[in-house]
Amino acid sequence: MLTVQLPDGSSRPFETAVTCREVAEAIGPGLAKAAIAAEVDGVQRDLAYQLPAEGEAAVRFLTKRDPEALGVMRHSCAHVMAQAVMRLYKDVQLAFGPTTGSGFYYDMLLPEPISEEDFPKIEAEMKKIVKEDLAFERLDKPRDESLQLCQELGQRFKVEHVETGLGDQDELSFYRQGEFVDLCRGVHIPSTGHIGKAFKLLNVAGAYWKGDASRDQLQRLYATAFFDKKELADYLTQVEEAKKRDHRVLGKQLELFTIDQKVGSGLILWLPKGAVIRQTLEDMLKAELTKRGYDAVYTPHVGRVELYETSGHFPYYRESQFPVLCEHEAGSLVDTLVERLRAGEIEPDEEAKLMDAARLLGFDGDIKEGATAAERAAALDVWAHKHERYLLKPMNCPHHIMIYKSKPRSYRDLPVRLAEFGTVYRYEQSGELSGMTRVRGFTQDDAHLFCTPEQVPAEFRGCLEMTQWVLESLGMTDYRVRLGFRDPDSTKYVGAEALWDEAEAQLKAVCESMDLPGLSIEPGEAAFYGPKADFVVTDCIGREWQLGTVQLDYNLPSADRFGLEYIGADNKSHRPVMIHRAPFGSMERFLGVLIEHFAGAFPLWLAPVQARVITVSEKSEAYGREVETRLKAAGLRVEGDYRGSKLGAKIREGQLELVPYLVVVGEQDRDNGTVALRDRIDGDQGSCTVDEAIARLKQEVADRRVRQVAETAAADLSAKAVGNEY
């Protein structure tokens with residue numbers, strides 16, 4: 001007999017084998033009609049999933065009211081979109097079609113390009129498929145049959161993925177709706193009719209097969225879907241508002257930053273006005289750091305590979321790092337050989353050719369005849385370590401650790417707080433780069449604290465409070481705090497389980513004592529060396545951005561890593577604890593978010609140009625320049641417009657360029673020693689003396705006042721995507 005435990009605490013016995021759908025039907029016809037998927041012992045399942053014949057199973061049904069249901073429906077809608085494309089176009093090769101935080105996409109290879117003009121006919125075909133109410137049928141097949149089916153379908157990307165990416169799977173699953181069959185782990189809604197009419201294709205972009213620029217270039221078709229037409233309408237309104245606020249467009253219009261392909265993709269050139277904003281933010285934080293007992297340090301942009309091997313950043317995140325810089329000419333070839341041998345991704349003929357090339361370049365390492373691939377890789381690695389190899393700095397923490405280790409430390413010295421606006425480098429895929437929010441070189445407002453275990457709660461709390469202070473200074477008060485903990489089933493984390501348990505318990509206790517908004521725990525979101533608290537900020541149009549972070553680290557100081565020590569009151573050696581923290585996160589990403597949050601209309605204290613002096617006519621130019629000089633002498637960022645253009649045109653230009661204050665001067669102002677102030681938000685403020693104008697502006701700057709953020713209605717985007725694609 002099977003006993004099904006339900007969320008309300010009740011249970012139902014079943015004497016014969018049943019599916020999730022049959023359990024729903026037994027509970028009632030209303031639930032059977034509303035349910036689109038189930039959760040069995042915490043794992044999402046199709047309604048057709050066969051429950052065990054005996055024992056107990058906890059079952060929860062997902063309906064449109066459950067946030068998780070949206071991800072399930074969107075994934076099914078991705079399959080419908082792919083089916084519609086295949087009905088309309090010949091010889092379509094399918095890649096992957098996962099859900100995202102706000103919708104879904106499908107990567108495809110087509111003989112002809114799809115454009116936005118094609119969207120209406122694709123959507124029309126999708127509506128037909130939804131109306132046909134085709135059932136989603138799961139097909140579980142052994143590995144050899146799965147490969148054969150992909151070959152029969154003529155889907156070469158799926159064939160390759162079964163052979164390589166899923167090479168360790170003995171059984172694979174497919175889903176069929178009508179004539180459409182796709183390799184997929186699920187889960188799916190019962191039938192296409194559950195999708196409804198609230199879906200929309202958004203845009204099409206380029207992508208590479210498995211993110212490899214040397215492989216096939218695909219078309220990535222983006223779309224979204226909701227259960228309700230109003231939610232879709234709200235979301236589309238948000239998308240349009242986001243386009244108006246796009247920091248890539250506003251950044252160019254307002255002359256804040258630029259990206260030049262001669263410099264390189266993902267590498268930001270800060271223009272003078274953007275640099276003013278960055279410098280203002282840095283100065284604000286540096287003053288606070290001094291108050292809180294931090295010491296400023298500077299570290300180089302490169303470091304030896306061994307440094308990052310010790311920290312664990314290399315090779316853990318090798319795929320997102322720039323290539324190794326080798327002293328020896330053969331170093332790069334040897335490094336490639338080691339990597340590919342360890343990954344099992346090199347054929348004997350290719351290995352022989354690379355070895356011959358390495359020897360031509362001076363490789364003289366000792367590799368024994370008949371050695372295994374692992375032994376050959378180890379021998380090559382021994383040779384590589386005899387020569388200097390460098391990485392563009394992927395993280396600041398190993399450098400700060402070496403500063404801590406540069407002299408003996410006593411418990412009386414702790415906590416040691418080292419801070420740096422340090423630039424780091426990550427080799428992001430070209431298709432993932434996006435203006436300032438996803439770059440290859442970025443500056444972190446980084447700091448690392450070294451403290452005794454007893455000091456951890458107070459120091460961690462101080463870092464959280466600093467992050468709150470930074471966000472509130474910018475009027476970004478709508479945020480939640482996400483605790484990233486270790487996923488016990490993952491192998492990416494380093495260090496002893498006991499240390500992780502202690503770190504997570506301490507972090508949780510500190511955060512709960514502060515009553516932080518939206519506090520949640522998300523397993524799998526920890527850094528590889530320790531748990532963390534991320535500040536996830538919601539901007540004024542409802543989008544979430546992960547900005548500031550505070551991380552607790554027992555692993556990098558450990559004997560297995562850097563072996564950090566301090567002499568305690570007992571005159572014995574002890575191990576310090578590290579805290580990593582960055583309130584802004586990345587200066588590039590933070591400015592990109594700020595541009596969109598404020599739609600380029602920065603508060604006075606942050607604006608690159610705080611005021612513009614405008615003359616009524618050329619007769620008042622001399623007085624205008626005098627006013628400009630006095631405003632600048634007061635420490636305000638001011639420019640003047642002394643052209644012979646009409647006053648109305650000058651005012652309109654100032655408003656379009658989002659200058660906070662326009663200072664209008666005419667002949668009467670010259671005679672009276674006054675100016676006419678025009679506020680970007682409240683309009684004409686009338687006449688006042690120059691000193692009064694200066695006092696008003698300086699007070700607003702000193703208060704770091706955030707007077708206005710333009711807002712708009714936003715859809716609820718809280719539903720998370722599910723891992724539902726092979």
Can a side-chain donor-acceptor contact be found between [Y] and [X] if the only test is distance below 3.5 angstrom?
X	Y	result
E137	Q177	no
Y208	R215	no
H580	D553	yes

Please say whether the positively charged group of R185, taken as NZ for Lys or CZ for Arg, lies over the ring of F174, i.e. under 6.0 angstrom from the six-membered ring centre and within 45 degrees of the axis.
no
Could you tell me if R220 sits above the aromatic ring of Y105, with its cationic atom closer than 6.0 Å to the ring centre and no more than 45 degrees from the axis?
yes
If you take the centroid of each ring, where Trp contributes its six-membered ring, are F226 and Y235 closer together than 6.0 Å?
yes
Looking at [X] and [Y], what are the two nearest heavy atoms and their distance?
X	Y	value
L307	P398	CG-CB, 3.7 Å
G441	L267	N-CD2, 3.9 Å
M108	V85	SD-CG1, 3.7 Å

Should we count [atom1] of [X] as having more than 12 external heavy atoms under 6.0 Å?
X	atom1	value
E152	CD	yes
K121	NZ	yes
K210	NZ	yes
Q50	CD	yes
E497	CD	no

Is a side-chain donor or acceptor of [X] paired with a backbone partner of [Y] at a separation under 3.5 angstrom?
X	Y	result
Q155	V92	yes
R304	Y390	no
D216	W209	no
E351	P348	no
E39	F61	no
D66	T63	yes

According to side-chain contact (heavy atoms from CB on, under 4.5 Å), who are the partners of F322, at least two apart in sequence or on a separate chain?
L392, Y425, Y427, R440
Using side-chain contact (heavy atoms from CB on, under 4.5 Å) as the criterion, list what pairs up with Q429, not counting sequence neighbours.
E432
Just do the side chain to side chain contact (heavy atoms under 4.5 Å, CB included) check on V4 and F14 with the steps written out, would you?
CA-CA 8 Å; V4 173; F14 292 89; 3.7 Å; yes
Working for side chain to side chain contact (heavy atoms under 4.5 Å, CB included), residues R389 and E306:
CA-CA 8 Å; R389 299 172 300 151; E306 288 78 6; 3.6 Å; yes
Check the pair F157, D107 against side chain to side chain contact (heavy atoms under 4.5 Å, CB included), reporting the backbone distance first and the verdict last.
CA-CA 11 Å; F157 294 130; D107 287 344; over 6 Å; no
What do the steps show when you test F442 against Q444 for side chain to side chain contact (heavy atoms under 4.5 Å, CB included), and what is the final call?
CA-CA 7 Å; F442 55 94; Q444 295 175 309; 3.7 Å; yes
